[in-house]
Amino acid sequence: MILPTLMAARLANRLLRLRLAHRDVPPLAAANLHALAHLDENQPAAAFTYTVVDLETTGLDIKQSRIVSIGAFKLSDQRIHLGHYFDQLVNPGGEMAVAAIKVHGIVPAMLASAPSGPAVLDDFLHFLGNDILVAHPAWFDSAFLNRLMQACYGFRLQNLVIDSRQLCERTILTKRLPALPRKPGLLGHGAAAPERHPSSLTLEEIAHQLGIRIYRRHSAVGDALATAMIVQHCLSHLAQNGRGRLGDLIRASTL
């Protein structure tokens, strides 16, 4: 049985392809229109390839702020491909909030010669392919990517999107664990001591609970790597508990 979320995504995708049938869509964007075609919810989740992404931005306003850095890693066969990753600064073409600079440390001078969002989008689409897209939290990163995709090509990314924070909360960290003693060696550069969020788990908190060291916290590539390691734990946990199909993963984490 096709799960409602995947069924809805495929229906929306089919309608989009019909709408664009007589338009001249650039090759990379055209390829993205078929990102759902290979998915089978009855196959093991580990049989698919995941692109785990993280963004740094000019601010937290998903309608007005812009991307300044994209980092991503590939995850397949329960392995993170450390030699094949995406790490790119992006010129936002505008001002950046001081508060954002204090978080990620990216200053305007570092972005002066960086490519624009549309230019980087094509490179990222090439890297992404038809992979399942994963982010933490996915609603934030996908909002920025979809806004850029909409501006460039007139439609949103068609890849299946997995929210790693929801995945953790519904699988490996279903119980609210007590705060652990601080372990500075696990935090990594730029990381703050993990604090309990009132409603959901932060990346630092999850990494801390799992003993994962965040390399270059609040850099896109560093946070993407930490997220990929967290997703490794989740996929392994699902498989070990008889819930290793793609359908099980979708139920646990799809936006």
Side-chain angles (χ1 to χ4, degrees), residues 5-6 8-9 12-13 16-17 20 25-36 39 48-75 84-94 96-97 100 103-104 106 111 114-167 203 218-228 230-231 250 253-255:
T5 51
L6 190 53
N13 175 262
L16 175 63
R17 285 187 283 116
L20 299 175
V25 181
L28 284 171
N32 188 256
L33 290 170
H34 301 278
L36 298 174
L39 299 181
F48 298 93
T49 301
Y50 303 81
T51 288
V52 186
V53 68
D54 185 80
L55 307 178
E56 300 303 328
T57 62
T58 60
L60 298 178
D61 187 338
I62 61 174
K63 294 183 178 180
Q64 299 295 329
S65 300
R66 297 186 179 185
I67 300 169
V68 297
S69 180
I70 302 178
F73 282 88
K74 296 278 188 180
L75 172 63
H84 185 40
Y85 62 93
F86 191 91
D87 184 14
Q88 180 63 61
L89 291 175
V90 183
N91 190 329
M96 182 153 49
V103 172
H104 51 58
I106 300 173
L111 305 173
S116 66
V120 174
L121 176 62
D122 281 351
D123 290 339
F124 181 70
L125 286 177
H126 180 74
F127 180 85
L128 172 63
N130 63 0
D131 296 350
I132 297 171
L133 185 66
V134 185
H136 188 108
W139 67 265
F140 182 82
D141 299 83
S142 62
F144 281 88
L145 291 170
N146 282 329
R147 203 177 89 210
L148 185 56
M149 188 76 177
Q150 189 77 41
C152 292
Y153 297 119
F155 61 90
R156 297 157 58 95
L157 282 172
Q158 296 301 294
N159 305 70
L160 180 67
V161 178
I162 296 296
D163 188 301
S164 59
R165 184 164 70 185
Q166 288 190 28
L167 179 61
L203 182 64
H218 290 306
S219 70
V221 71
D223 287 358
L225 179 57
T227 302
I230 288 169
V231 174
I250 291 174
S253 57
T254 306
L255 289 178

Minimum heavy-atom separation for [X] and [Y], please, with both atom names.
X: A220; Y: S69; result: CB-OG, 3.5 Å
X: A100; Y: G59; result: CB-N, 4.2 Å
X: A29; Y: V25; result: CB-CG1, 3.7 Å
X: I106; Y: L111; result: CG2-CD2, 3.6 Å

Does any N or O in the side chain of [X] come within less than 3.5 Å of the main-chain N or O of [Y], such that one atom is a donor and the other an acceptor?
X: T57; Y: R66; answer: no
X: N159; Y: D131; answer: yes
X: D163; Y: A138; answer: yes
X: K63; Y: R147; answer: no
X: N91; Y: G93; answer: yes

Point-to-point distance, once rounded to the nearest 0.5 Å, from [atom1] of [X] to [atom2] of [Y]:
X: F73; Y: D87; atom1: CZ; atom2: CG; result: 7.5 Å
X: T227; Y: H136; atom1: OG1; atom2: NE2; result: 6.5 Å
X: L89; Y: S219; atom1: CG; atom2: OG; result: 10.5 Å
X: L148; Y: I70; atom1: CG; atom2: CD1; result: 7.0 Å
X: L160; Y: S253; atom1: CG; atom2: OG; result: 7.5 Å

Sequence neighbours excluded, the answer for ring-ring contact (aromatic ring centres under 6.0 Å, His included) partners of Y153 is none
Taking the side chain as every heavy atom from C-beta outward, state whether [X] and [Y] have any pair of such atoms under 4.5 Å apart.
X: W139; Y: Q166; value: no
X: L145; Y: L55; value: yes
X: I230; Y: L203; value: yes

Exercise. How about Y85: does its OH atom have over 12 heavy atoms from other parts shown lying under 6.0 Å from it?
Worked result: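 Not more than 12 within 6.0 Å, no.
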### Task
Would you indicate whether H126, at its atom NE2, is surrounded by more than 12 heavy atoms from other residues, nucleotides or ligands within a distance under 6.0 Å?
no
Only one of N13, N130, N32 passes side-chain hydrogen bond (donor to acceptor under 3.5 Å, both in side chains) with Q158, and that residue is N13
- Would you please test L157 and L128 for side chain to side chain contact (heavy atoms under 4.5 Å, CB included) and show each step? CA-CA 10 Å; L157 282 172; L128 172 63; 4.1 Å; yes
Notebook entry, point to check: In this structure, which one of V52, T51, I250, L39 forms a side chain to side chain contact (heavy atoms under 4.5 Å, CB included) with I132?
Noted result: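 That would be L39.
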- Task: Could you check D223 against E56 for side chain to side chain contact (heavy atoms under 4.5 Å, CB included), going step by step and ending with a plain yes or no?
- Result: CA-CA 10 Å; D223 287 358; E56 300 303 328; 3.8 Å; yes
Side chain to side chain contact (heavy atoms under 4.5 Å, CB included) between L125 and M149, intermediate numbers included: CA-CA 10 Å; L125 286 177; M149 188 76 177; 4.0 Å; yes
Parallel, tilted or perpendicular for F124 and F86, by the 30°/60° rule?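 Perpendicular, since the angle between the ring planes exceeds 60°.
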